[in-house]
Number of protein chains: 2
Amino acid sequence: MKIGELASATATNVETVRYYEKIGLLAPPARTSSNYRAYGADHLARLSFIRRARDLGFTLDAVRELLTLSDDTGQSCEAVDGIASIHLTEIDRKIGDLKALRSELSRVLGSCSHGTVADCKIIETLAPRGEAV
Amino acid sequence: MKIGELASATATNVETVRYYEKIGLLAPPARTSSNYRAYGADHLARLSFIRRARDLGFTLDAVRELLTLSDDTGQSCEAVDGIASIHLTEIDRKIGDLKALRSELSRVLGSCSHGTVADCKIIETLAPRGEAV
DNA sequence: CTACACCCTGAAGCAACTACAGGGTCAAGC
DNA sequence: GCTTGACCCTGTAGTTGCTTCAGGGTGTAG
């Protein structure tokens, strides 16, 4: 299959496919006589894997590790579990950060009395001590 | 004050201060005879504003707008409110996305029976249909 | 035979910094 | 008076994960 077909089969941009090849995440496929990339089922499977991992929020580095691990089927699942666990912790941290941010911002927004900027509580919060420069 | 003092007073990296100047967020300060940047109270106030806005998660573009608005004290607070509201919506969207991600990942992780990679549910989830390439 | 959709490469752009390389300046201590 | 070390300067490149662009070639339908 050509790059466009592979891309649409995996809901990926053509450019992203080429990008994955460039950074060594996806093996360079064979080429047709006219220098078009010719992909096979293995490429499709691998790209699907990458996309699903990305959809779960794994970084490209984590995806790379997961791919390596998935190739070595005899190995213990521990490393895979570890990567996913770290990722989950990271997501929890992000959610916590965003929630704190949200409540702070919501508090600021709630205090806005819709007057002029001069007595805008939002601006005041950002530049305390009246120094609204 | 010198750049290092300004930076530590606002919990900012020196490089970040210079970066803000470069992108036009912070006005270029006067220079000493030895070409050191010499900041005043107005710079300190402005950088504090920027940092607080950044801490609340506003993008640099939003900060730029907020700064412009805060300079025009006679104007209505509406635009400020609008920027903050949009930002809040965006944060809510991100929290929602991350929560969905979290539950999906947590489900995948919970199914791991800590065996070998060959029957690892995590890998299986990523590469369904047994094509763990 | 000519449109038009698709493919190619390589470089640059995005956010918001951070980290270097390769220098200059300044105060303290010996 | 000279060195050490902390600070300052500029300019460029790196980070993540792509997207976009310029400037081409290929393949096929009408």
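Note that the coordinates shown come from a computational prediction; the quantities given were computed from them, not determined experimentally.
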The contact string for nucleotides 8-21 of chain C, one letter per nucleotide 5' to 3', using protein heavy atoms under 4.0 Å with B, S and - for base, sugar-phosphate only and none, comes out as SB------BBS---
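- To the nearest angstrom, C1' of D/dT16 lies 14 Å from CD of A/E90.
- With rounding to whole Å, A/I23 atom CD1 is found 16 Å from D/dG14 atom P.
- Heavy-atom minimum distance, B/A100 versus B/S103: O-OG, 3.1 Å.
- A distance-only check finds no donor-acceptor pair linking the side chain of A/H87 to the backbone of A/T59 [under 3.5 Å].
- When the side-chain contact (heavy atoms from CB on, under 4.5 Å) test is applied to A/S85, the partners found at least two apart in sequence or on another chain are A/D81, B/L109.
- Closest approach of A/L98 and B/I91 over heavy atoms only: O-CG2, 3.8 Å.
- Rounded to whole Å, atom P of D/dT16 lies 13 Å from atom NZ of A/K94.
- Axis deviation across the helix from C/dC1-D/dG30 to C/dC30-D/dG1 amounts to 20°, comparing end segments of five pairs, rounded to 10 degrees.
- Side-chain contact of A/R46 with A/Y20: a donor-acceptor pair under 3.5 Å is absent, judged by distance alone.
- Look at A/R18 and A/E21 and you find no salt bridge, because none of the NZ, NE, NH1 or NH2 atoms lies under 4.0 Å from a carboxylate O.
- Taking 4.0 Å as the cut-off between side-chain N and carboxylate O, A/K2 and A/E5 do not count as a salt-bridged pair.
- For the pair A/H43 (side chain) and A/L26 (backbone), a donor-acceptor distance under 3.5 Å is absent.
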